[in-house]
Amino acid sequence: QKEVEQDPGPLSVPEGAIVSLNCTYSNSAFQYFMWYRQYSRKGPELLMYTYSSGNKEDGRFTAQVDKSSKYISLFIRDSQPSDSATYLCAMSGGGSNYKLTFGKGTLLTVNP
Amino acid sequence: DGGITQSPKYLFRKEGQNVTLSCEQNLNHDAMYWYRQDPGQGLRLIYYSQIVNDFQKGDIAEGYSVSREKKESFPLTVTSAQKNPTAFYLCASSSQGEQPQHFGDGTRLSIL
């Protein structure tokens with residue numbers, strides 16, 4: 001079983017839709033959870049950063065962490081064409097906080 | 001503006017040649033990282049450095065070398081021993097190990 005599993009998509013939605021992106025993981029030591037957005041030929045941009053379980057909201061973005069299920073989600077409300085990108089989940093913890101373990105990314109397209 | 005600058009954006013390597021990728025940050029971050037991104041594989045850690053004059057191997061260090069002589073700079077050399085160097089290389093930094101990493105916009109390396 002891979003440490004972090006992320007559905008690669010592609011995911012295509014109409015403008016204004018609610019988007020749900022998810023990752024599952026196997027390492028119960030993970031404590032820090034991140035979502036990055038990566039546009040084509042660019043570096044990943046940090047969207048959300050959460051510690052342990054719970055929800056965090058920032059504008060149209062909500063990150064959820066369920067450590068009991070080893071499952072994290074990113075919700076995008078009122079999606080826009082500018083949200084079209086690859087979304088990467090990443091996580092760390094357990095004494096090796098320097099090391100991020102990434103999912104492979106989900107390619108999202110928001111159609112006008 | 002604070003950030004991470006990677007250069008060049010595109011680089012071509014001839015057989016048997018070493019090439020060096022530059023990474024500079026003005027975020028005053030202690031830790032710096034190099035990742036390799038291949039299509040469908042996600043990001044993989046090559047090397048990381050938590051303080052000046054110290055660095056550790058990541059998951060795929062073979063065929064690569066680094067130095068950390070200054071806090072702001074963490075150059076990566078892709079040596080001729082790296083037989084499959086074609087990839088997108090990303091540099092990142094963070095203030096401490098448990099803090100989120102911020103990325104540059106990458107260098108795309110290809111073989112001539």
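Residue numbering restarts at 1 for every chain, and letters A, B, ... go by the order of the sequence lines. Computed from heavy atoms alone, side chains included, the values below leave out hydrogens, waters and symmetry copies.
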Report whether [X] and [Y] are members of the same hydrophobic cluster (ILVMFWY, side-chain heavy atoms less than 4.5 Å apart, transitive linking).
X         : Y         : value
Leu107(A) : Phe102(A) : no
Tyr33(B)  : Tyr64(B)  : no
Ile46(B)  : Leu88(A)  : no
Leu11(A)  : Phe75(A)  : no
Phe12(B)  : Leu109(B) : no

| Taking C-beta and beyond as the side chain, do Asp59(B) and Lys99(A) meet within less than 4.5 Å on heavy atoms? | yes
| request: Go through the atoms of Tyr10(B) and report whether side chain, backbone, both or neither lie under 4.5 Å from a heavy atom of chain A. | output: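 It is the side chain, since no backbone atom gets that close.
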| Best-contacting candidate, Gln56(B), Arg44(B), Gln37(B), against chain A by heavy atom pairs under 4.5 angstrom |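 Among Gln56(B), Arg44(B), Gln37(B), the one with the most close pairs to chain A is Gln37(B).
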[X] side, atom [atom1]; [Y] side, atom [atom2] - distance, nearest 0.5 Å:
X         : Y        : atom1 : atom2 : value
Lys42(A)  : Lys9(B)  : NZ    : NZ    : 5.0 Å
Thr101(A) : Leu43(B) : OG1   : CG    : 11.0 Å
His102(B) : Glu45(A) : NE2   : CD    : 10.5 Å

| note | Applying a strict 4.5 Å limit to non-hydrogen atoms, the region of Pro44(A) in contact with chain B is both
| So which part of Tyr36(A) gets closer than 4.5 Å to some heavy atom of chain B, the side chain, the backbone, both or neither? | side chain
| Residue pair Leu90(B), Gln38(A): steps toward the side-chain contact (heavy atoms from CB on, under 4.5 Å) verdict | CA-CA 12 Å; Leu90(B) 289 159; Gln38(A) 186 176 23; 4.2 Å; yes
| task | For the pair Arg41(A) and Asp105(B), find out whether any cationic side-chain nitrogen is under 4.0 Å from an anionic carboxylate oxygen. | result |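 A salt bridge is absent here (no side-chain N lies under 4.0 Å from a carboxylate O).
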| side-chain contact (heavy atoms from CB on, under 4.5 Å) between Tyr35(B) and Leu100(A), worked out | CA-CA 10 Å; Tyr35(B) 292 89; Leu100(A) 291 184; 3.8 Å; yes
